[in-house]
Amino acid sequence: QVQLVESGGGLVQPGGSLSLSCIASGIDMRFYNMGWYRQAPGDQRELVALFPSSANANAKYADSVKGRFTISRDDARNTVFLRMNNLKPEDTDVYYCNADHLWQRGRDYWGPGTQVTVSS
């Protein structure tokens with residue numbers, strides 16, 4: 001019954017911008033850390049940005065995207081966003097939305113992913 005659905009991926013030229021959205025259903029997002037991950041063929045999935053369940057906590061970013069990407073969340077709408085600016089070819093990956101419950105084991109959910117391609 002739990003679903004995470006990403007949207008907003010596509011093809012963009014270097015230096016361009018994209019905004020990704022993830023809509024969660026079947027969970028109360030207030031009790032989840034929300035994050036964005038990415039994975040290229042042959043590579044491990046890596047954390048891009050993490051927004052803890054508390055709005056008072058600072059977001060965490062991978063060094064490679066810090067200053068270019070911004071994660072935000074709207075718990076009332078069960079939605080998490082990723083704004084990506086100044087995109088580079090090395091940002092080309094499948095991007096995944098993740099919801100990780102604060103304390104309940106096994107409640108760790110993933111979306112199917114959305115493709116982001118940065119190319120001229």
Side-chain angles (χ1 to χ4, degrees):
Q1 294 183 8
V2 176
Q3 292 188 57
L4 305 179
V5 181
E6 303 99 337
S7 63
L11 175 65
V12 64
Q13 291 190 329
S17 299
L18 283 175
S19 293
L20 306 183
S21 298
C22 172
I23 300 176
S25 60
I27 64 170
D28 186 341
M29 219 175 72
R30 293 177 298 171
F31 302 109
Y32 289 80
N33 297 320
M34 303 298 298
W36 288 94
Y37 294 72
R38 65 187 183 186
Q39 186 174 23
D43 292 333
Q44 296 190 82
R45 190 168 298 184
E46 65 172 343
L47 175 68
V48 176
L50 177 68
F51 202 135
S53 62
S54 173
N56 293 326
N58 293 327
K60 180 182 177 181
Y61 297 92
D63 289 342
S64 59
V65 308
K66 192 172 184 178
R68 299 188 296 121
F69 291 11
T70 302
I71 187 172
S72 60
R73 60 190 289 167
D74 185 344
D75 290 348
R77 297 170 57 203
N78 266 20
T79 305
V80 61
F81 307 92
L82 184 69
R83 176 64 178 177
M84 304 183 292
N85 294 322
N86 192 25
L87 284 160
K88 304 175 180 180
E90 51 263 43
D91 295 319
T92 296
D93 277 311
V94 177
Y95 285 71
Y96 298 90
C97 179
N98 172 252
D100 187 13
H101 197 278
L102 293 176
W103 67 83
Q104 294 187 345
R105 295 181 179 180
R107 297 196 178 188
D108 187 13
Y109 306 106
W110 295 90
T114 185
Q115 176 70 48
V116 173
T117 303
V118 185
S119 176
S120 298

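FYI, the numbering just counts along the sequence from 1.
- Tyr96 and Val116 fall into different hydrophobic clusters, defined by Ile, Leu, Val, Met, Phe, Trp and Tyr side-chain heavy atoms under 4.5 Å apart, directly or through other members.
- No path of Ile, Leu, Val, Met, Phe, Trp and Tyr side chains, each step under 4.5 Å between heavy atoms, connects Val48 with Val94, placing them in separate hydrophobic clusters.
- The minimum heavy-atom distance linking Leu82 with Ala49 is given by the pair CD1-CB, 4.1 Å.
- For the atom pair OG (Ser64) and CG (Asp91), the distance works out to 7.0 Å, reported to the nearest 0.5 Å.
- Sparse packing is recorded around CD of Gln44, with 12 or fewer heavy atoms of other residues, nucleotides or ligands lying under 6.0 Å away.
- One hydrophobic cluster holds both Leu102 and Ile71 under the rule that ILVMFWY side chains link at heavy-atom gaps under 4.5 Å.
- Nearest heavy-atom pair, Glu6 versus Tyr95, reported as atom, atom and distance to 0.1 Å: OE2-O, 4.0 Å.
- To the nearest 0.5 Å, atoms CG (Leu4) and CD1 (Ile23) are separated by 10.5 Å.
- Listed by chain and number, the residues in a side-chain contact (heavy atoms from CB on, under 4.5 Å) with Lys60 are Leu47, Leu50 (sequence neighbours excluded).
- Contact record, His101 with Trp103: ND1-N, 3.1 Å, taken as the closest heavy-atom pair.
- To the nearest 0.5 Å, the span separating CD1 on Ile27 from CZ on Arg30 amounts to 11.5 Å.
- Between Trp36 and Met84, every side-chain heavy-atom pair lies at or beyond the 4.5 Å cut-off.
- Residue pairs meeting the salt bridge (Lys or Arg N to Asp or Glu O under 4.0 Å) criterion with at least one member in residues 92-117, sequence neighbours excluded, are Arg38-Asp93.
- The same ILVMFWY cluster, assembled from side-chain heavy atoms under 4.5 Å apart, contains both Met29 and Phe31.
- Expressed to the nearest 0.5 Å, how far CG of Asn98 lies from OH of Tyr37 amounts to 5.0 Å.
- A distance of 8.5 Å separates CG of Leu87 from OG1 of Thr92, quoted to the nearest 0.5 Å.
- Under the 4.5 Å side-chain criterion, counting only non-hydrogen atoms from C-beta, Tyr109 is in contact with Tyr32.
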Could you give the side-chain donor-acceptor pairs of residues 9-20 under 3.5 Å, partners two or more places apart or in another chain?
from: Ser17; atom 1: OG; to: Asn85; atom 2: OD1; distance (Å): 2.9
from: Ser19; atom 1: OG; to: Arg83; atom 2: NH1; distance (Å): 2.7

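- Taken to the nearest 0.5 Å, the CD atom of Gln3 stands 11.0 Å off from the SG atom of Cys22.
- Using a 4.5 Å cut-off between side-chain heavy atoms of Ile, Leu, Val, Met, Phe, Trp and Tyr, with links allowed through other members, Met34 and Phe69 fall into the same hydrophobic cluster.
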